Every structure is written in C-alpha cells, then in structure tokens.
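One structure is given below, encoded as structure tokens.
Values in this document were obtained by computation on a predicted structure and should not be read as measured data. Heads up: numbering here begins at 1 and tracks the sequence.
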Amino acid sequence: NVTDNVILNRGGIKMQVSKEEILHIANLANLTIEENENIRKLQEEYKDKIEIYLGAEEDVSYPVKREDFDYIISSYHYIRFRGQYYPFDSNYDYFSTCAEFFHGDNLAFAKAYYEEFCDYIVKRKPDIIGHFDVLTKNNELKRFLDTNCQQYLNYAKDAIYSLKGK
C-alpha cells in the first residue's frame, strides 16, 4: 500500500519506502556482507582456474562503495522530488503516486527520469547501465505511457545519445 510508507533517511538521502522494503533492505545488507566475503574467498581459492568477479547493482538514490566491487551496474528505481526519493517501478500504484509530482504529465516524468539517470551515469561512470527503460516496466497495458509516442521516443533517444562517448 502506497500510503503505508515510511521515510528512510540514509546518508542524507531520503527515500519513501514501504515497511516491507525496509526489512528487505536490512536483510540484503546483512546477506551482502556475508556473500561478498564468500565471493572474495572463492576468488582467492580458484584464482588459478577461473576468474570470479564481484559486482553490485546500485541505484541513483543508493550508491555503493565502488572500491568494494569489481564492477558496478547502475540503475534507477526511485525518482527524486523535493529532495526525497520515491519508488516508481514496483507497481502501477507507486508509478501513479510519482506521476502526481508531475501533475499527471507522464511525459514530463519520463523526461525527468532520463535526464536524472543520464546525469548520474555521466558522474558515476558505471561499468554497466542497468535496464535503461525500467520506467516502462509496469506499462504492459500502456496505461500511463505510450512508448510509441514520438515525444517519449525523443526523450529516450536523446538520453542515449547524450551518453555517447562518456
């Protein structure tokens, strides 16, 4: 339920997340430390046989410590509005809540998404860009965004071209 959210303030970044997501994040953090240690041990143990890499998917709103990983996948799951991050790709209700920040103008939402994600990519220089069009994830019925609309396509193409050579 979108209204059953709490504000998570981590490192000066505010995110609106559900209570379930908070528990999930806490469990992942504990699991990740243990998993990372295990992967580093496996790297050492099998260094003469195979190459093992440790990577992480980070979010614009939640960057990881690059030096802890061999590669970084950067993604964007939370839109920033008035200094706070809100999830938009979990389900249609979350997307609708975020679209309200743009007064229901989903093209303005798409433009803001691509601009902020590209700014982040240029600054962060990830090894891999994760699901660049995640904005369309819950759009199977084209309820909120016509991905064939020329204006949307222009935003997406402009974003891609803005990253060329960076």
Start with the C-alpha distance between Val64 and Ile72, add both sets of side-chain angles, then the distance that settles side chain to side chain contact (heavy atoms under 4.5 Å, CB included), and finish with yes or no.
-> CA-CA 8 Å; Val64 298; Ile72 300 295; 3.4 Å; yes
Please assess Tyr86 against Tyr94 for the test side chain to side chain contact (heavy atoms under 4.5 Å, CB included), listing each intermediate value before the final yes or no.
-> CA-CA 8 Å; Tyr86 297 84; Tyr94 281 118; over 6 Å; no
Dump the intermediate steps for side chain to side chain contact (heavy atoms under 4.5 Å, CB included) on Asp89 and Leu135, then the final yes or no.
-> CA-CA 6 Å; Asp89 71 329; Leu135 184 69; over 6 Å; no
Take Tyr113 and Tyr76, measure what ring-ring contact (aromatic ring centres under 6.0 Å, His included) needs, and give me the verdict at the end.
-> CA-CA 8 Å; Tyr113 164 81; Tyr76 192 17; 5.1 Å; yes
Could you walk me through whether Lys41 and Glu44 pass the salt bridge (Lys or Arg N to Asp or Glu O under 4.0 Å) check?
-> CA-CA 5 Å; Lys41 287 176 189 173; Glu44 185 60 31; over 6 Å; no
Would you please test His131 and Glu57 for side chain to side chain contact (heavy atoms under 4.5 Å, CB included) and show each step?
-> CA-CA 11 Å; His131 40 74; Glu57 179 181 13; 3.1 Å; yes
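Listed here is the closest heavy atom pair of Leu54 and Gln43: N-NE2, 3.9 Å. Closest approach of Asn106 and Ala99 over heavy atoms only: OD1-CB, 3.2 Å. The heavy-atom pair separating Pro63 from Ser61 by the smallest distance is CD-C, 3.7 Å. Closest heavy-atom contact between Pro87 and Cys98: O-SG, 3.3 Å.
Connection of Leu107 to Phe117 is established within a shared hydrophobic cluster, with ILVMFWY side chains joined at heavy-atom distances below 4.5 Å, either directly or through further cluster members. Grouping the Ile, Leu, Val, Met, Phe, Trp and Tyr side chains by contacts below 4.5 angstrom, directly or via other members, places Ile39 with Ile50. A continuous path of Ile, Leu, Val, Met, Phe, Trp and Tyr side chains, each step under 4.5 Å between heavy atoms, connects Tyr53 with Ile73, placing both in one hydrophobic cluster.
The shortest side-chain heavy-atom distance between Asp48 and Tyr46 does not fall under the 4.5 Å cut-off. Between Thr147 and Leu153, the closest side-chain pair of non-hydrogen atoms is not below 4.5 Å. Within the 4.5 Å cutoff, no side-chain heavy atoms of Phe88 are placed close to those of Thr97. Counting only heavy atoms from C-beta outward, the side chains of Pro126 and Ile121 approach each other to under 4.5 Å. Between Tyr152 and Asp146, the closest side-chain pair of non-hydrogen atoms is not below 4.5 Å. Between Phe69 and Asn36 there is a side-chain heavy-atom pair separated by less than 4.5 Å. With a 4.5 Å cut-off on side-chain heavy atoms, Lys65 and Glu58 do not count as touching. Lys137 is not listed as a side-chain neighbour of His77, based on a closest heavy-atom distance of 4.5 Å or more.
Under the 30°/60° scheme for interplanar angles, the aromatic rings of Phe132 and Tyr114 are found to be tilted. Below 30°, between 30° and 60°, or above 60°: for Phe109 and Phe102 the angle between ring planes is below 30°, a parallel geometry.
Note that the OG atom of Ser74 and the CD1 atom of Ile129 stand 8.0 Å from one another [nearest 0.5 Å]. The distance from the CG atom of Leu163 to the NZ atom of Lys125 is 10.0 Å, given to the nearest 0.5 Å. Annotation: the span from Lys49 atom NZ to Lys47 atom NZ amounts to 12.5 Å, rounded to 0.5 Å.
Side chain of Asp105 to backbone of Ala108: a donor-acceptor contact under 3.5 angstrom is found.
Judged by distance alone, the side chains of Tyr120 and Glu115 never bring a donor and an acceptor atom under 3.5 Å apart. Side-chain atoms of Gln151 and Tyr155 include a donor-acceptor pair closer than 3.5 Å.
For an aromatic pair to be called close, the ring centres must be under 6.0 Å apart, and Tyr78 with Tyr62 fails this. Ring centroids of Phe144 and Phe95 are separated by less than 6.0 Å, placing the two rings close together.
Using a 4.0 Å cut-off between a side-chain N of Lys or Arg and a carboxylate O of Asp or Glu, Arg40 and Asp70 qualify as a salt bridge. Under the 4.0 Å criterion applied to side-chain N and carboxylate O atoms, Asp127 and Arg66 are assigned as salt-bridge partners.
Atom CD of Gln150 is surrounded by more than 12 heavy atoms from other residues, nucleotides or ligands within 6.0 Å.
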